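Let me begin by presenting the structure, written as structure tokens, before commenting on it.
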Amino acid sequence: MTSHLRGIVLLLVVTAIWGSTFAVVKELGKLLSPAALLAWRFSIGALALLPVLALGRRSAPDAAHPAEETGRRSLLRDGFILGLWLIAGYGTQTIALQSTTANRAAFFTVLSVVLVPLWLTLVQRRRLPALLWVALPLAVAGLALLSWEGGAWVQGDAWALACAVTYAGFIVTLEKLAFRHAPLPFTLAQVLTVALLAWVWALLSGAALWPPAAAWAPLLYLGVAATAVTTLLQTVGQRHVSATEASLIYALEPVSASLFSFLLIGERVGARGALGGALVVLATVLSSGANDAQQAETDVPDPQNT
């Protein structure tokens, strides 16, 4: 197996795991408040990442760095900024799943890919790519079909849309900050930030903090598999897969979510929902291309290569 094919397989595994979390979180929401669920999930994820980070440091030779302390402060600051975006995204998604279906939440959430080039157009005044003029109406039509099949618009749908907006903000911010730090320490800083903020949220909300016995297995799955393992696989996989290919693979997340929602909790997608979901996925694929075109416009050629 070539390294490129191995990278594709790893990202497909990541996408499948991500898709499974919608059904798992929806069921866990019956046992824990959103704040407590996030607090435990990301605390477990942080604990699972610590050994991986320790092994990575042990295998790398120690090197003195004159700006080591400054770099550590920068890592914590940037990790905190992204952690704020992450808890906004995961928090709105977890709240959404209390009143909307896992299928609808997954398709709403994947709109973050559609919203990224739109966000860059509005915030950074980049030119709106032509593909986005096609993707946006497709996305709106797809969501209309999904909502029509699932009954009247519910509060959870609005929270799911908020999740898409905040996660688009996370993607745009990550684009600016990711190159400054090593992937694993930076990821751990973000995960720890979410865990800390979620614990503060849980304590202020007055909700029960200790999970019932039935919640521990899904919490371990979310913390270890859906947080720590996916982070590691994504880090390794994207070394050998282009950003465009990765985006296309991630567009399959709601398809994976629909499959797992059917297998785990019996949710079904009818003809209208399937058509709506297909339109959302198509809009996501088109937006991925739009994002690449938009990014290419801002790339500065290397003088050494010109």
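Keep in mind that the numbers below use all heavy atoms, side chains included, and drop hydrogens, waters and symmetry copies. Note that this is a predicted model, so its numbers are computed, not measured.
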Handout entry: Residues forming a salt bridge (charged side-chain N to carboxylate O under 4.0 Å, His left out) with Arg77, sequence neighbours excluded
Key = none
With sequence neighbours excluded, tell me which residues meet side chain to side chain contact (heavy atoms under 4.5 Å, CB included) with [X].
X: Val134; result: Leu138, Leu286
X: Leu203; result: Leu209
X: Leu12; result: Ile8, Ile249, Leu252

Write out all pairs satisfying side-chain hydrogen bond (donor to acceptor under 3.5 Å, both in side chains) with one or both partners inside [range], taking only residues at least two apart or from two chains.
range: residues 257-267; result: Asn103-Ser258, Asn103-Glu267
range: residues 22-37; result: Glu27-Lys30
range: residues 201-227; result: Ser20-Tyr221, Arg41-Thr227

Are [Y] and [X] linked, directly or through intermediate hydrophobic residues, by side-chain heavy-atom contacts shorter than 4.5 Å (ILVMFWY only)?
X: Phe42; Y: Leu232; answer: yes
X: Val224; Y: Val24; answer: yes
X: Leu264; Y: Phe262; answer: no
X: Val25; Y: Leu263; answer: no
X: Ile95; Y: Val200; answer: no

Donor-acceptor pairs under 3.5 angstrom involving side-chain atoms of residues 79-89: please list them, not counting sequence neighbours.
unit_1 : atom_1 : unit_2 : atom_2 : d
Trp85  : NE1    : Thr173 : OG1    : 3.2

Sequence neighbours excluded and cut-off under 3.5 Å, please list the side-chain donor-acceptor pairs for residues 165-172, or say none.
unit_1 : atom_1 : unit_2 : atom_2 : d
Thr166 : OG1    : Ala162 : O      : 3.0
Thr166 : OG1    : Cys163 : O      : 3.0

Problem - Steps toward side-chain contact (heavy atoms from CB on, under 4.5 Å) verdict (Thr231, Val52) - result: CA-CA 11 Å; Thr231 298; Val52 180; over 6 Å; no
Name each donor-acceptor pair under 3.5 Å that joins a side chain in residues 183-196 to protein atoms two or more places apart or in another chain, with its distance.
unit_1 : atom_1 : unit_2 : atom_2 : d
Thr187 : OG1    : Pro183 : O      : 2.8
Gln190 : NE2    : Phe186 : O      : 3.3
Thr193 : OG1    : Ala189 : O      : 2.8

Practice task
May I ask you to decide if Ala96's main-chain N or O and Thr100's side chain share a donor-acceptor pair within less than 3.5 Å?
Solution key: no
Exercise for the section: Establish, from distance only, whether the side-chain atoms of Ser99 and Trp159 form a donor-acceptor pair under 3.5 Å. Expected result: no
Work out which heavy atom in [X] is nearest to a heavy atom in [Y]; give both atom names and the distance.
X: Gly45; Y: Ala228; answer: O-CB, 4.0 Å
X: Gly19; Y: Ser256; answer: CA-OG, 3.5 Å
X: Ala215; Y: Leu32; answer: CB-CD1, 4.3 Å
X: Pro211; Y: Leu219; answer: CG-CD1, 3.7 Å
X: Leu97; Y: Ala105; answer: CD2-CB, 3.6 Å
X: Ala226; Y: Thr21; answer: CB-CG2, 3.5 Å

Could you grab the distance from atom [atom1] of [X] to atom [atom2] of [Y], nearest 0.5 Å is fine?
X: Leu10; Y: Leu5; atom1: CG; atom2: CG; value: 9.5 Å
X: Asp78; Y: Lys176; atom1: CG; atom2: NZ; value: 11.5 Å
X: Leu38; Y: Gln93; atom1: CG; atom2: CD; value: 9.0 Å
X: Gln234; Y: Thr15; atom1: CD; atom2: OG1; value: 8.5 Å

Problem - All pairs passing ring-ring contact (aromatic ring centres under 6.0 Å, His included) where residues 5-37 contributes a residue, at least two apart - result: Trp18-Tyr250
Problem - ring-ring contact (aromatic ring centres under 6.0 Å, His included) partners of Phe260, counting only residues at least two apart - result: none
Practice task
Check the pair Ile44, Leu222 against side-chain contact (heavy atoms from CB on, under 4.5 Å), reporting the backbone distance first and the verdict last.
Solution key: CA-CA 8 Å; Ile44 293 169; Leu222 289 175; over 6 Å; no
